[in-house]
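Each chain gets a letter, A, B and so on, in the order the sequences are listed, and its residues count up from 1.
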Number of protein chains: 2
Amino acid sequence: METKPTRRGSKQKMAVLDATKRLSNHPTAEDIFFKAKEEIVSISFSTVYRNLGILVKEKELIPISGPGSEIHYDHVINNHCHIQCRVCGKVRDMNVPAVDFSGILPSDASGFTVDGVCVTFTGTCRDCQVETDTKGEQK
Amino acid sequence: METKPTRRGSKQKMAVLDATKRLSNHPTAEDIFFKAKEEIVSISFSTVYRNLGILVKEKELIPISGPGSEIHYDHVINNHCHIQCRVCGKVRDMNVPAVDFSGILPSDASGFTVDGVCVTFTGTCRDCQVETDTKGEQK
DNA sequence: ATTCATAATAGGAACTATTCCTAATATAAA
DNA sequence: TTTATATTAGGAATAGTTCCTATTATGAAT
Ligand SMILES: [Mn+2]
Ligand SMILES: [Mn+2]
Ligand SMILES: [Zn+2]
Ligand SMILES: [Zn+2]
């Protein structure tokens, strides 16, 4: 039996993946929407969200959720750590070794089976450190 | 100059903290609301949220945000790790050493100053492992 | 005790990120 | 070309949280 020769990525789906890769700094769905719009002016928010969900399932992207309400997306899918600014919400990579969860037993994990780990540091980015009078709103 | 002898905790604030402690398993705002309601029948969601915010600022509680949309609260405020069920969203403690972030330099952190770290494993809790026919909806 | 200023509350509206729904359109197979 | 299905754009709905406001509780000063 063949693996079904199902439809390849649609133009929109590819635009979403491309936009995420070109933005590269852990963009939000909104960031991705506007970047993808540069390629496909008619693309909708709905389509971006749907394809982000698909791309996460296909392990082309990783979702990063932190203290802020928005989900950020990462096209670098290996296990690494992030830091998020408490003030402006921006997410960057952390240059520290990632936590290894391969040896964890269910007994360590309250009976859960473990399939991943997300290490997110919190702090203040350089832009937001410059006093609170210029309010840090940049991405 | 004295530290202002400001108002102690209100009845509602204490009820919120108490409810969180008695629930103990990383309850959500909604869980806390219903538990606090057992003590103060008139308490409102608004009051629960406001006091949760205050208690977090006062470091009486820690907020835990993960893949699911809801914030969970922990009255155990030392630095430890959690695991969240992908299916039902429940949060439990992880019996593994917490990540130490005290020695991290700004150079490791893309120029951020670091003030905390949140290590959240993901997986499937025991209740949600029993096939997908009994859909795992319990807390 | 009464007055006063202020802190906190209950209730509900507003907000926001995300998901869901639907009719229209694009695509690939037959 | 016809048909079946996948995907889309757009907008409505949802859900968790925050914000607003009139009312009530509290403690200090009189
Ligand atoms: Mn990354
Ligand atoms: Mn805990
Ligand atoms: Zn910042
Ligand atoms: Zn579960």
In whole angstroms, how far is the [atom2] atom of [N] from the [atom1] atom of [X]?
| X | N | atom1 | atom2 | result |
| --- | --- | --- | --- | --- |
| A:Lys13 | D:dA9 | NZ | C1' | 18 Å |
| B:Lys11 | D:dG27 | NZ | P | 13 Å |
| A:Gln12 | C:dA24 | CD | C1' | 14 Å |
| B:Ile40 | C:dA8 | CD1 | P | 14 Å |
| B:Ile32 | D:dG16 | CD1 | P | 14 Å |
| B:Glu70 | C:dT16 | CD | C1' | 16 Å |
| A:Ile43 | C:dA26 | CD1 | P | 15 Å |
| B:Leu52 | D:dC19 | CG | P | 15 Å |

Check whether any side-chain nitrogen or oxygen of [X] sits under 4.0 Å from OP1 or OP2 of [N], and answer yes or no.
| X | N | result |
| --- | --- | --- |
| A:Ser46 | C:dC20 | no |
| B:Thr28 | D:dG16 | no |
| B:Tyr49 | D:dT17 | yes |
| A:Thr47 | D:dA9 | yes |
| A:Ser42 | D:dA9 | yes |

Between [X] and [Y], do the side chains contain an N or O donor and an N or O acceptor separated by less than 3.5 Å?
| X | Y | value |
| --- | --- | --- |
| B:Asp74 | B:His80 | yes |
| A:Asp93 | A:His26 | yes |
| B:Asn25 | B:His72 | no |

Okay, side chain of B:Thr20, backbone of B:Val16: is any donor-acceptor separation there less than 3.5 Å?
->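 A pair under 3.5 Å: yes.
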Flag yes if B:Val76 and B:Leu61 sit in one hydrophobic cluster, no otherwise; membership is Ile, Leu, Val, Met, Phe, Trp, Tyr, and two members link when side-chain heavy atoms are under 4.5 Å apart.
->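 As far as the 4.5 Å side-chain criterion goes, B:Leu61 and B:Val76 are not connected within one cluster.
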Upstream residue (5' side of DNA chain D) when B:Arg50 and B:Tyr73 are each assigned their closest nucleotide =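 Its nearest nucleotide lies further toward 5', so the answer is B:Tyr73.
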